[in-house]
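Side chains are part of it too, since the values below use all heavy atoms of this structure and drop only hydrogens, waters and symmetry mates. A, B, ... follow the sequence lines: proteins, then strands. Residue 1 opens every chain.
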Number of protein chains: 2
Amino acid sequence: MNASGQRGRKPRADVQRNRAALLETAQRHFLQHGVGTSLEAVAKEAGVGPGTLYRHFPTREALLAAVLQTRSEELVARQADIDQLGDPAEALEQWLRAMEDYFSAFSGLPDPLMAAARAQEPDNPLTLPCDTLITATDKYVQAAQLAGRVRESVKGYDLFLAAVSVAWIKGTGATDEESVDRLRALLASGYREPDDQA
Amino acid sequence: MNASGQRGRKPRADVQRNRAALLETAQRHFLQHGVGTSLEAVAKEAGVGPGTLYRHFPTREALLAAVLQTRSEELVARQADIDQLGDPAEALEQWLRAMEDYFSAFSGLPDPLMAAARAQEPDNPLTLPCDTLITATDKYVQAAQLAGRVRESVKGYDLFLAAVSVAWIKGTGATDEESVDRLRALLASGYREPDDQA
DNA sequence: GGTTTGACCGGATGCTACCTCCGTTTTACG
DNA sequence: CGTAAAACGGAGGTAGCATCCGGTCAAACC
């Protein structure tokens with residue numbers, strides 16, 4: 001133990017500096033060019049060699065997961081607001097929108113996300129966030145079902161899939177916002193109880 | 001005009017041979033490795049140089065469209081059967097399944113398909129099949145709406161998007177058939193008229 | 001059947017991106 | 001300030017894409 005209470009040697013300053021620069025640059029490139037952006041370009045613009053990038057983030061997914069960390073925290077914050085709502089059907093709906101926004105953060109994000117959702121890949125750094133989201137969705141679904149607002153046949157995972165799909169469609173950029181709205185409405189009338197008048 | 005009634009010179013035998021070999025090999029590779037498979041590998045296995053492949057099919061999409069031609073014909077055949085059905089709601093449902101199967105022919109197919117669906121790209125060889133499918137879907141939707149079996153708010157394009165989405169999910173391989181079934185059912189109760197007892 | 005012609009072939013080529021390895025540099029600590 | 005551990009970063013091997021061009025081969029004409 002050293003003075004800062006950490007095990008072993010104090011972490012080097014350049015490590016943190018490079019990591020922060022990489023994350024900042026990567027986020028910008030993911031935003032502009034999607035998740036398939038060139039990692040070499042990210043490294044160069046962050047002012048480090050490719051080796052440094054790969055040491056910090058061994059795979060594209062690892063970098064992606066680290067960049068998504070910020071968005072995850074936003075999502076958790078939004079979750080707190082949603083939990084305040086009295087209406088469980090409204091809460092579910094807002095939660096689905098929140099997830100959809102999260103999935104739409106970068107174009108092409110749904111693909112690695114679905115690859116990670118396929119379980120038995122504990123080494124994939126995106127698996128944990130995915131599982132968390134599925135579990136949370138299930139919570140909202142069950143609450144709404146208890147209130148008789150959502151069909152009993154629906155599972156949280158189904159609506160997780162629905163949200164990812166909508167995000168995927170948005171990410172392809174082939175569709176106007178109107179069509180996406182209609183698709184969301186179609187899904188909503190699919191999971192809601194038929195006699196729900198809300 | 002020559003003896004065979006064609007303009008100019010008779011097409012060379014090796015052209016047809018190479019084209020057929022490329023199509024056959026490409027289909028096998030698309031099946032095994034998805035639409036992102038290496039075109040160089042396809043050319044090598046077909047016994048031609050990369051130049052020959054690119055002369056026959058200038059882009060990956062062109063090759064894909066040519067390989068899909070066979071499947072398109074199957075789809076048209078299936079359409080004939082569907083048109084025999086008396087029940088327009090049943091016809092729509094079967095048509096959606098037929099489209100979904102078509103989209104699921106190769107893993108990763110939905111992405112280039114959606115890219116082509118984005119209009120104003122008349123040079124994309126996948127645009128034509130896409131537009132045809134959307135138009136056909138609209139036909140089935142309108143027939144079912146006329147019979148009061150499908151909500152008025154639904155558009156053919158919406159269900160086209162739904163079918164592509166389901167195919168995309170299947171293609172990621174991250175989901176078991178049961179979940180896909182539930183998602184399909186969810187979508188169905190979303191577009192059907194609420195009081196439809198069928 | 002021989003010659004001509006031009007369409008077609010296919011490999012060599014330049015490019016971009018991925019990912020790894022290892023000699024060099026930086027950093028923390030005593 | 002000296003030292004050793006840790007991190008850096010660029011060189012380099014691999015793979016795939018897409019193009020170009022000299023050589024070839026099949027079809028057409030005599």
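Between the P atom of C/dA7 and the CZ atom of B/R17 lies a distance of 19 Å, rounded to the nearest Å. Rounded to a whole Å, the CZ atom of B/R60 is 13 Å from the P atom of D/dT19. Computed from coordinates, the B/Y54 OH to C/dC15 P distance equals 17 Å when rounded to whole Å. Between the CG atom of B/L22 and the P atom of C/dG10 there is a distance of 9 Å, rounded to whole Å. In this structure, CG of B/D14 is placed 13 Å from C1' of C/dG6, rounded to the nearest angstrom. Going from atom NZ of A/K44 over to atom C1' of D/dG9 covers 13 Å, rounded to whole Å. In this structure, B/E61 places its CD atom 9 Å from P of D/dA18, rounding to the nearest Å. Going from atom NE2 of B/H33 over to atom C1' of D/dA15 covers 15 Å, rounded to whole Å.
Of the candidate nucleotides D/dA5, C/dC9, C/dA7, C/dA7 has the atom nearest to the side chain of B/R12. The nucleotide whose nearest atom lies closest to any side-chain atom of B/L39 is, among D/dA18, D/dG9, C/dC8, D/dA18. Taking only side-chain atoms of B/A13, from C-beta outward, the nucleotide of C/dT26, D/dA27, D/dG16 with the closest atom is D/dA27. Taking the side chain of A/S38 as heavy atoms from C-beta on, and the options C/dT27, C/dA17, C/dC29, the nearest nucleotide is C/dA17. Picking from C/dC19, D/dC8, D/dC17 the nucleotide with the shortest atom distance to the side chain of A/T52 gives D/dC8. The side chain of A/R55 lies closest to D/dG9, out of C/dC8, D/dG9, D/dG16. Nearest to the side-chain atoms of A/E40 among the listed nucleotides C/dC18, C/dT27, C/dG6 stands C/dC18.
Between B/H29 and B/H33, the angle of the ring planes goes over 60°, which puts this pair in the perpendicular group of the 30/60° scheme.
For the OP1/OP2 pair of D/dA7 and a distance below 4.0 Å, the side-chain nitrogens and oxygens of A/N18 include no atom meeting the criterion. The side chain of B/H56 contributes an N or O atom lying less than 4.0 Å from OP1 or OP2 of C/dC9.
For CD of A/E73, the number of neighbouring non-hydrogen atoms (other residues, nucleotides, ligands) closer than 6.0 Å is greater than 12.
Comparing A/P50 and B/P58, the nucleotide of DNA chain D nearest to each residue sits closer to the 5' end for A/P50. Along DNA chain D, the nucleotide nearest B/T59 and the nucleotide nearest A/G47 are compared for position; the residue whose nucleotide lies closer to the 5' end is A/G47.
Using a 4.0 Å heavy-atom distance criterion, A/R19 is classed as making no nucleic acid contact.
Within the 4.5 Å cutoff, the side chain of A/W168 has heavy atoms near those of the B/D111 side chain.
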task: May I have the step-by-step check of salt bridge (charged side-chain N to carboxylate O under 4.0 Å, His left out) for B/E100 and B/R184, ending in yes or no?
output: CA-CA 10 Å; B/E100 189 191 308; B/R184 257 194 297 263; 2.4 Å; yes

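Among the candidates B/V166, B/V164, B/T137, the single residue satisfying the side chain to side chain contact (heavy atoms under 4.5 Å, CB included) test with B/M99 is B/T137.
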